[in-house]
Amino acid sequence: MNAIRVAVIGAQGRMGAQAVDAITEAEGLELVATLGSSDSLESLLEKSIDVAVELTVPASTEANVRFLVEHDIDTVVGTTGWDAEKLSGLEELLAKHADTAVLIAPNFSIGAVLAMRFAELAAPYFDSAEVVEIHHPRKLDAPSGTANHTAQRIAAARNDAGLPPVPDATEIDPNGARGAVVDGIHVHAIRQQGMTASEEIHFGSSGEALTIRTDSHSSSAFMPGIVTAVRSISDYTGLLHGLENMLDL
Ligand SMILES: NC(=O)C1=CN([C@@H]2O[C@H](COP(=O)(O)OP(=O)(O)OC[C@H]3O[C@@H](n4cnc5c(N)ncnc54)[C@H](OP(=O)(O)O)[C@@H]3O)[C@@H](O)[C@H]2O)C=CC1
Ligand SMILES: O=C(O)C1=N[C@H](C(=O)O)C[C@H](O)C1
């Protein structure tokens, strides 16, 4: 069987550089292009790319991914910054490229993917739910893509179960101490030197609490998820939001 021909976009970044190594070492994958911010995406078109891995910055990712879809290249995206409007625009574009697939993965770590699933399962059983994310201080966006995705999934599970809004008597909060609110779920972002990525999901009801925590101590946590996604994306078409869609979770 022919190797899957892979391009990494954002190849000099923290994630991109590790992805280059992981793809180079992975059986059945062939790294054929590495692009940085000063390279043109057009250079990919002569290289018969099967899968692009997009690991850049929130300001660039949408244009990059749209270019790749327009040229029918399956794409695995780790970059954050994909709000509902960008996702729905991408879905519309993918509808015109029926054989092409894009995975937008807020988090490639299996621990984080499982934590989000556990949170979704727990959500209907608790009155209160809040998300706390902790990242390195170089991170450009807050709340993290993972925290947004977690909050959205908790909110959807609560909504499906017919739960009321989370209880909260706060009337005075001039400095935003209650955090961001994503689909009715409060999300708190900490930036801490020495950290890579962690998330805690706090649930509470009368007399009890459940806390789910996931920690990624280094970017190596994200590499098996990237390799899995690159290997399997050709089995899909359209937009997949979350690695869980490839893991039967
Ligand atoms: N899904 C997941 O599991 C994970 C996702 N992330 C996300 O991945 C993204 C990247 O993170 P990280 O590697 O830490 O960030 P870095 O800042 O280390 O790397 C980003 C890289 O993208 C490059 N870049 C910027 N614009 C373009 C462009 N238009 N074309 C090509 N390359 C470009 C930058 O180049 P230059 O320096 O020259 O500008 C830089 O090398 C972030 O959104 C982060 O949140 C991070 C970890 C895990
Ligand atoms: O910027 C990071 O580092 C990370 N970004 C992703 C996010 O925003 O959720 C994934 C992981 O948390 C690391």
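Order of appearance sets the numbers: ligands from 1, and atoms from 1 within every ligand. Quick caveat, the model's predicted, so the values are computed rather than measured.
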Could you check whether [Y] and [X], counting side-chain N and O atoms only, form a donor-acceptor pair closer than 3.5 Å?
X	Y	result
E133	S198	no
H188	E130	yes
E244	H149	yes

Among all protein heavy atoms, pick out the one at the shortest distance from [atom]; state its residue, atom name and that distance to 0.1 Å.
atom	result
atom 1 (N) of ligand 1	A105 O, 2.9 Å
atom 16 (P) of ligand 1	R14 NH2, 3.8 Å
atom 41 (O) of ligand 1	G13 N, 3.2 Å
atom 3 (O) of ligand 2	H136 NE2, 2.8 Å
atom 23 (C) of ligand 1	G10 CA, 4.0 Å
atom 13 (O) of ligand 1	M15 N, 2.8 Å
atom 5 (N) of ligand 2	K139 NZ, 3.2 Å
atom 43 (O) of ligand 1	T80 OG1, 2.8 Å
atom 38 (O) of ligand 1	S37 OG, 2.6 Å
atom 25 (C) of ligand 1	V57 CG2, 3.7 Å

Any donor and acceptor pair, going by atom type alone, linking the side chain of [X] with main-chain N or O of [Y] inside 3.5 Å?
X	Y	answer
S109	A112	yes
T80	G145	no
T146	P106	yes
D173	R178	yes
T170	I172	no

> Are any of the side-chain heavy atoms of L94 and T237 separated by less than 4.5 Å?
Replying inline: no
> Is any side-chain heavy atom of E62 less than 4.5 Å from a side-chain heavy atom of E54?
Replying inline: no
When only distance counts, is [X] in polar contact with ligand 1, meaning an N/O pair under 3.5 Å?
X	answer
L35	no
G78	yes
P58	no

Which is closest to [atom] by heavy-atom distance: [options]?
atom	options	value
atom 26 (N) of ligand 1	A11, S60, P106, G145	S60
atom 6 (C) of ligand 2	A189, A142, S198, P106	P106
atom 10 (C) of ligand 1	L55, V8, T56, I9	T56

> Taking non-hydrogen atoms only, is F108 closer than 4.0 angstrom to ligand 1 via side chain, backbone, both or neither?
Replying inline: both
>> Is the contact between N64 and ligand 1 made by the side chain, the backbone, both, or neither, using heavy atoms and a 4.0 Å cut-off?
In response: side chain
> What part of A197, side chain from CB on, backbone N/CA/C/O, both or neither, has a heavy atom under 4.0 Å from ligand 2?
Replying inline: side chain
> Any idea which part of H135 is under 4.0 Å from ligand 2, heavy-atom wise: side chain, backbone, both or neither?
Replying inline: side chain
> Counting each atom of ligand 2 from 1 as listed, which ones have a heavy atom of G145 under 4.0 Å away?
Replying inline: 7 (C), 8 (O), 9 (O)
>> Could you check whether atom 34 (C) of ligand 1 has a protein contact, counting only heavy atoms that fall below 4.0 angstrom?
In response: no
> Does the protein place any heavy atom closer than 4.0 Å to atom 45 (O) of ligand 1?
Replying inline: yes
> Within the structure, does T146 bring an N/O atom to less than 3.5 angstrom of an N/O atom in ligand 2?
Replying inline: yes
>> Looking at every heavy atom in both L240 and N245, which two are closest together, and how far apart are they?
In response: CD2-CB, 3.7 Å
> Between A129 and V166, what is the shortest heavy-atom contact and its length?
Replying inline: N-CG1, 3.9 Å
> Can you list the atoms of ligand 1 that are under 4.0 Å from a heavy atom of G36?
Replying inline: 30 (N), 31 (C), 32 (N)
> How many angstroms lie between CD in E120 and CD1 in I201, if you round to the nearest 0.5 Å?
Replying inline: 11.0 Å
> So is R138 in contact with ligand 1, going by heavy-atom distances below 4.0 Å?
Replying inline: no
